[in-house]
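What you see below is based on every heavy atom in this structure, not just the backbone, and it leaves out hydrogens, waters and symmetry mates. These numbers were taken from a predicted model, which means no experiment stands behind them.
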There are 2 protein chains.
Amino acid sequence: MSTIGKALSLLDTLSRLDKEAGLTDIARLCALDKATARRFLVELEKHGFVEQDQDTRRYRIGSAPVRLARIREARFPLLRVAIPFIKSLAETATETVHLSEFSGGQLSTIHVEDAPRAHRIIVDVGSLLPFHATASGLAFLAFSPRSEIDAALEKPLEKFTDHTVVDPRLVRNLLDETAARGFSISDQGLEAGVISTAAPIRTPTGHPIGCVAVAAPLSRTTKTAVHEFGAQAIAAANAISEKYYGSERPMGTSPKSGGQIDEPHGSLAKDTRHRNR
Amino acid sequence: MSTIGKALSLLDTLSRLDKEAGLTDIARLCALDKATARRFLVELEKHGFVEQDQDTRRYRIGSAPVRLARIREARFPLLRVAIPFIKSLAETATETVHLSEFSGGQLSTIHVEDAPRAHRIIVDVGSLLPFHATASGLAFLAFSPRSEIDAALEKPLEKFTDHTVVDPRLVRNLLDETAARGFSISDQGLEAGVISTAAPIRTPTGHPIGCVAVAAPLSRTTKTAVHEFGAQAIAAANAISEKYYGSERPMGTSPKSGGQIDEPHGSLAKDTRHRNR
DNA sequence: CGCTTAAGGTTCATTATTTGAACCATAGCT
DNA sequence: AGCTATGGTTCAAATAATGAACCTTAAGCG
């Protein structure tokens, strides 16, 4: 792996810790030599990506990402665009609605609107969404190129509940259903008693960048309601996609043709070149 | 320079551009070979720090910094950054210093450092600071967009003391003076016998998020002292802004001059698009 | 106290990664 | 067609990354 990759992985590891960490721990967690970890940290610190506490000597995420995030959001504000739609959906569905974004090979929650009810599903901002076990993950994969699906399903799939589907073949079936329907359903895939539906936010070329998901307690949710949430999630996701990418030509709105739009034909060589990871 | 440093500089350069950039431009701006720039970009893209537009092939800041920024802000809130500065200011001013943060449409006190004296001003953590009647409120409004000023002054303004200014026109005059001076003065606006000065903590775009204020008994405070407190409040507020958001200026390549640059944000940043946290 | 342990931090010969000139591919333009 | 600009790729040469061993400090403990 490249040095840059290693350093960024270190940053990622540091960000996933619950607390600030010392040099030795960081080196161990990243499987790096202490000297190497230190050099990375010093380099990252120079650029503001990490900070070392003066007293404890421990390291934490620095302020540079805050600056970059502001620039990104100013120039490319998914959150800004999406939040009104998420809010409105949470109101009409009267269930918790959350928004996820694909970044660095993972799908993570970037916004949550709680249901206006006492009994509701809680989702944390920042939480990671496994591809095979969440509605968001399924919706994301279902509209991704086959190569990404293969990559996601070749690692062992964790079984979070009795209902989690961990057989890659069965997951593929779910993906096919999702692609045909336009939205995904996860029946207690990540947590018992929770049913979710999700639809992908996509670039004008059809490539998903994140998802809109509705999460509800299974106990009060009928099959009809699930399908209604799904339809609403699609509507919200499409509205966000359109607003986010401006008035570019809206691609085929029929979810039917949704599946693997990306280059099903033509230069395979070219495709594989850009799809490293 | 290390590879990591070069890659992070590339990211920094990319972030300072007004628009998305192509490979050749990026390589030129960073004084890197095209091949090198490309390898960096690919590596950064893998980790979500940059994104390549599918159509234009241009590069932009990715979404990974957004995730890191959220974590940083959750784990290292304004309070932690600001307290050392507030403490130090309380010591040099030998008067009570308090810190406020704007949240939910109101300015509220989030930290207080008491003056090291028997006779001192008491401020409670959690207390709300009316915009028209406190130094913090005035400092906050003075650097806010006009729309926010208008909104704050259209409700009836409560008269807390004989000295409280409640005529919106006169309040606007105070705001103009504050904007020109860089810090606000509230002469017994909320409580008789107390004079306060405050300066805003601002985002890199100039939008205020809170204030640093010095509160002193009127009886022992000369006009000169007030202006000194004001200057110190500005210095503290700017130092906090910079530490919290990171420097907007190019990364100092000289590790030697690591010192704080605290110049006032004279910027007329018109970017009013900002996000909630 | 002095010994032990563990953490942060550093050195420098060895090793693997980075580098960039030259290359190819494609698209727009005359 | 030819020209030019851009994105993207290759591979021998140059350079930067590596890590075992080392130093330093501070806490823990008989």
Would you indicate, yes or no, if C:dG9 has its OP1 or OP2 atom less than 4.0 angstrom from a side-chain nitrogen or oxygen of A:Tyr59? yes

Just how far, in rounded Å, is C1' of C:dG8 from CG of A:Leu32? 16 Å

Go through the structure and list residues passing side chain to side chain donor-acceptor pair (under 3.5 Å) with B:Arg75, not counting sequence neighbours. none

Closest to the 5' end of DNA chain D, once B:Thr24 and B:Ala35 are matched to their nearest nucleotides, is B:Thr24

Return the value, rounded to whole Å, for the distance between atom CZ of B:Arg39 and atom C1' of D:dG7. 15 Å

Has A:Arg57 got a side-chain N or O lying under 4.0 Å from the OP1 or OP2 atom of C:dA7? no

Round to a whole Å and report the spacing from NZ of A:Lys6 to C1' of D:dT18. 8 Å

Would you indicate which nucleotide in C:dT19, D:dG19, C:dG8 comes nearest to any side-chain atom of A:Gln52? C:dG8

Those residues that, when tested against B:Thr109, pass side-chain contact (heavy atoms from CB on, under 4.5 Å) (two or more places apart): B:His98, B:Val112, B:Val123, B:Ser127, B:Leu129

Scan the side chains in residues 19-26 of chain B for donor-acceptor partners under 3.5 Å anywhere in the protein, sequence neighbours excluded, and list what turns up.
from: B:Glu20; atom 1: OE2; to: B:Arg60; atom 2: NE; distance (Å): 2.9
from: B:Asp25; atom 1: OD1; to: B:Arg28; atom 2: NH2; distance (Å): 2.8

Of all residues at least two apart in sequence or in a different chain, which pass the ring-ring contact (aromatic ring centres under 6.0 Å, His included) check with A:Phe160? A:His132

Among all residues two or more places apart in sequence or in another chain, which pass the side chain to side chain donor-acceptor pair (under 3.5 Å) test with B:Arg58? none

State whether B:Thr3 places a side-chain N or O below 4.0 Å from either non-bridging phosphate oxygen (OP1 or OP2) of D:dA17. yes

When rounded to the nearest 0.5 angstrom, what distance separates CG in B:Leu44 from NZ in B:Lys46? 10.5 Å

Which nucleotide wins on minimum distance to the side chain of B:Arg38, given the candidates D:dT9, D:dG19, C:dT10? D:dT9

Nearest listed nucleotide, side chain of A:Leu23, among C:dT19, C:dG9, D:dT18: C:dG9

Every protein N/O lying under 3.5 Å from an N/O of nucleotides 22-26 of chain D:
none

Quick one: list whatever passes side-chain contact (heavy atoms from CB on, under 4.5 Å) with B:Glu91, sequence neighbours left out. none

Ignoring the backbone of B:Asp33, work out which of C:dG20, D:dA17, C:dT19 is nearest its side chain. C:dG20

Between the CD1 atom in A:Ile110 and the CG atom in A:Leu99, the distance rounded to the nearest 0.5 Å is 4.0 Å

Across all chains, not counting sequence neighbours, the side chain to side chain donor-acceptor pair (under 3.5 Å) partners of B:His47 are none

N/O to N/O distances under 3.5 Å, protein versus nucleotides 3-5 of chain D:
none

Of all residues at least two apart in sequence or in a different chain, which pass the side-chain contact (heavy atoms from CB on, under 4.5 Å) check with B:Thr36? B:Leu32, B:Asp33, B:Arg39, B:Phe40

Please name all residues satisfying side chain to side chain donor-acceptor pair (under 3.5 Å) with B:Thr3, sequence neighbours left out, ordered by chain then number. none

Taking five pairs at each end, how big is the angle between the two axes of the helix from C:dC1-D:dG30 to C:dT30-D:dA1, to 10°? 30°

How long is the line joining CG of B:Leu41 and C1' of D:dT9, in whole Å? 15 Å

